[in-house]
2 protein chains.
Amino acid sequence: MPDDRTNKVSCSNYTYELEIPFEIFSGKWVPSIIWNLSKEDKRFGELKKAMPKVTPKVLSQQLRMLERYGIVNRKAYPEVPPVVVYSLTNIGKKAIPLFENMNEWGAEYLEIRETGYHC
Amino acid sequence: MPDDRTNKVSCSNYTYELEIPFEIFSGKWVPSIIWNLSKEDKRFGELKKAMPKVTPKVLSQQLRMLERYGIVNRKAYPEVPPVVVYSLTNIGKKAIPLFENMNEWGAEYLEIRETGYHC
DNA sequence: CGGCATCCGCGATGATACTG
DNA sequence: CAGTATCATCGCGGATGCCG
């Protein structure tokens with residue numbers, strides 16, 4: 001987690017910069033969140049609808065965490081009922097290609113390991 | 001975890017193939033393991049030396065898991081004292097670019113977020 | 001609608017000691 | 001050298017309920 005006051009990750013606690021994305025993206029629902037937001041900005045309820053198996057509490061938690069990390073923007077409109085729109089920040093958007101590559105690798109992995117395997 | 005008998009991940013339990021790499025690479029020390037093995041094959045003790053903060057138990061656990069997923073090869077030579085060499089499989093090697101990209105993104109992230117930040 | 005407060009279980013990780 | 005055995009811990013994530 002980022003520092004409480006600065007919301008920044010500490011500089012020197014890593015052996016490789018590699019550990020930073022693994023720390024940031026390690027939440028159970030983070031990949032799905034970013035995957036969804038990469039297509040379009042979404043309201044809390046829309047995200048929730050796209051991810052039926054996550055509870056609101058945990059979804060909210062992970063969104064807040066991503067916000068502190070500077071990966072997502074949270075924009076709240078003070079209306080009744082409330083409207084809250086989440087979007088990816090610039091650095092967040094720069095992570096999208098990573099996720100696309102991961103997705104490709106995942107497909108390749110399945111292909112290699114599941115060939116001839118009845119599903 | 002892979003199926004007990006086939007050691008294969010199930011075909012249909014994923015919303016996106018994206019979830020597969022996140023499942024496989026989610027172990028706390030997995031990034032370091034793969035990062036190390038991407039440079040050269042290594043014996044258990046060499047890996048342990050390169051990762052001072054992991055206990056042998058957990059290192060062994062995560063190596064076994066990666067072996068079941070088909071990411072690493074384990075080659076044991078029946079000598080005294082024993083020699084065990086770990087290496088990346090083909091599909092494991094195909095993940096190296098992903099890790100390099102993650103590393104780059106991590107560096108970029110630090111640069112953006114830590115500019116002007118005293119470490 | 002978009003949360004937060006509270007309680008809780010469990011799996012992943014860690015510490016320590018021991019072994020073929 | 002390359003692990004296993006045992007026990008302890010700890011925090012993520014889930015369930016439920018309430019609120020502005």
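Nothing here was measured: the structure is a model prediction, and the numbers come from that model. Below, chains carry the letters A, B, ... as their sequence lines are ordered, and counting in each starts from 1. The figures that follow rest on heavy atoms only: side chains count, while hydrogens, waters and symmetry mates do not.
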Please give, in whole Å, the distance from D:dG3 C1' to B:Tyr77 OH? 18 Å
Crowded around B:Lys39 NZ? As in, over 12 foreign heavy atoms under 6.0 Å? yes
Whole-Å distance between D:dG13 P and B:Phe22 CZ? 13 Å
Measure CD/B:Glu23 against P/C:dG11 and give the value in whole Å, please. 15 Å
Tell me whether the centres of the aromatic rings in A:Phe99 and B:Phe22 are closer together than 6.0 Å. yes
Hits for ring-ring contact (aromatic ring centres under 6.0 Å, His included) against B:Tyr86, two or more places apart or cross-chain, chain-then-number order -> none
B:Asn36 and B:Lys42: CA distance, side-chain angles, deciding distance, side-chain contact (heavy atoms from CB on, under 4.5 Å) verdict: CA-CA 8 Å; B:Asn36 272 286; B:Lys42 283 199 165 133; 3.2 Å; yes
How many whole angstroms separate atom CG of B:Leu59 from atom P of D:dT4? 11 Å
Who clusters with B:Val83? Use side-chain heavy atoms, under 4.5 angstrom, across I, L, V, M, F, W and Y, and order the result by chain and number. B:Tyr77, B:Val85
In short, the helix from C:dC1-D:dG20 to C:dG20-D:dC1 is bent end to end, axes from five pairs each side, to 10°, by 60°
Determine the sole option in B:Leu88, B:Ile71, B:Asn73 for which the side-chain contact (heavy atoms from CB on, under 4.5 Å) test with B:Leu66 is passed. B:Ile71
Taking OP1 and OP2 of D:dG3, is either one under 4.0 Å from a side-chain nitrogen or oxygen of B:Arg74? yes
Could you measure the distance from the CD atom of A:Glu17 to the CD1 atom of A:Ile20? Nearest 0.5 Å is fine. 6.0 Å
Report yes if at least one side-chain N or O of A:Gln62 is closer than 4.0 Å to OP1 or OP2 of D:dG13; otherwise report no. yes
Name the nucleic acid region contacted by B:Tyr86, choosing base, sugar-phosphate or nothing; use a 4.0 angstrom heavy-atom cut-off, strictly under. sugar-phosphate
Please find out if less than 6.0 Å separates the ring center of A:Trp105 from that of B:Phe25. yes
Under the salt bridge (Lys or Arg N to Asp or Glu O under 4.0 Å) test, residues paired with B:Glu108 that sit two or more places apart: A:Lys94
In whole Å, I'd like the distance from the CG atom of A:Leu63 to the P atom of C:dG3. 8 Å
For the side chain of B:Ser87 and the backbone of B:Asp41, is there at least one donor-acceptor N/O pair under 3.5 Å apart? no
Expected list for residues 34-52 of chain A near DNA chain D, using heavy atoms below 4.0 Å, is none
Count the heavy atoms belonging to other residues, nucleotides or ligands that lie under 6.0 Å from CD of B:Glu111, then report whether that count exceeds 12. no
What is the per-nucleotide protein-contact pattern of nucleotides 14-20 of chain D, from the 5' end, where B denotes a base atom under 4.0 Å from a protein heavy atom, S denotes such proximity for sugar-phosphate atoms only, and - denotes neither? BB----B
In whole Å, what is the span from the CD1 atom of A:Ile33 to the C1' atom of D:dG13? 13 Å
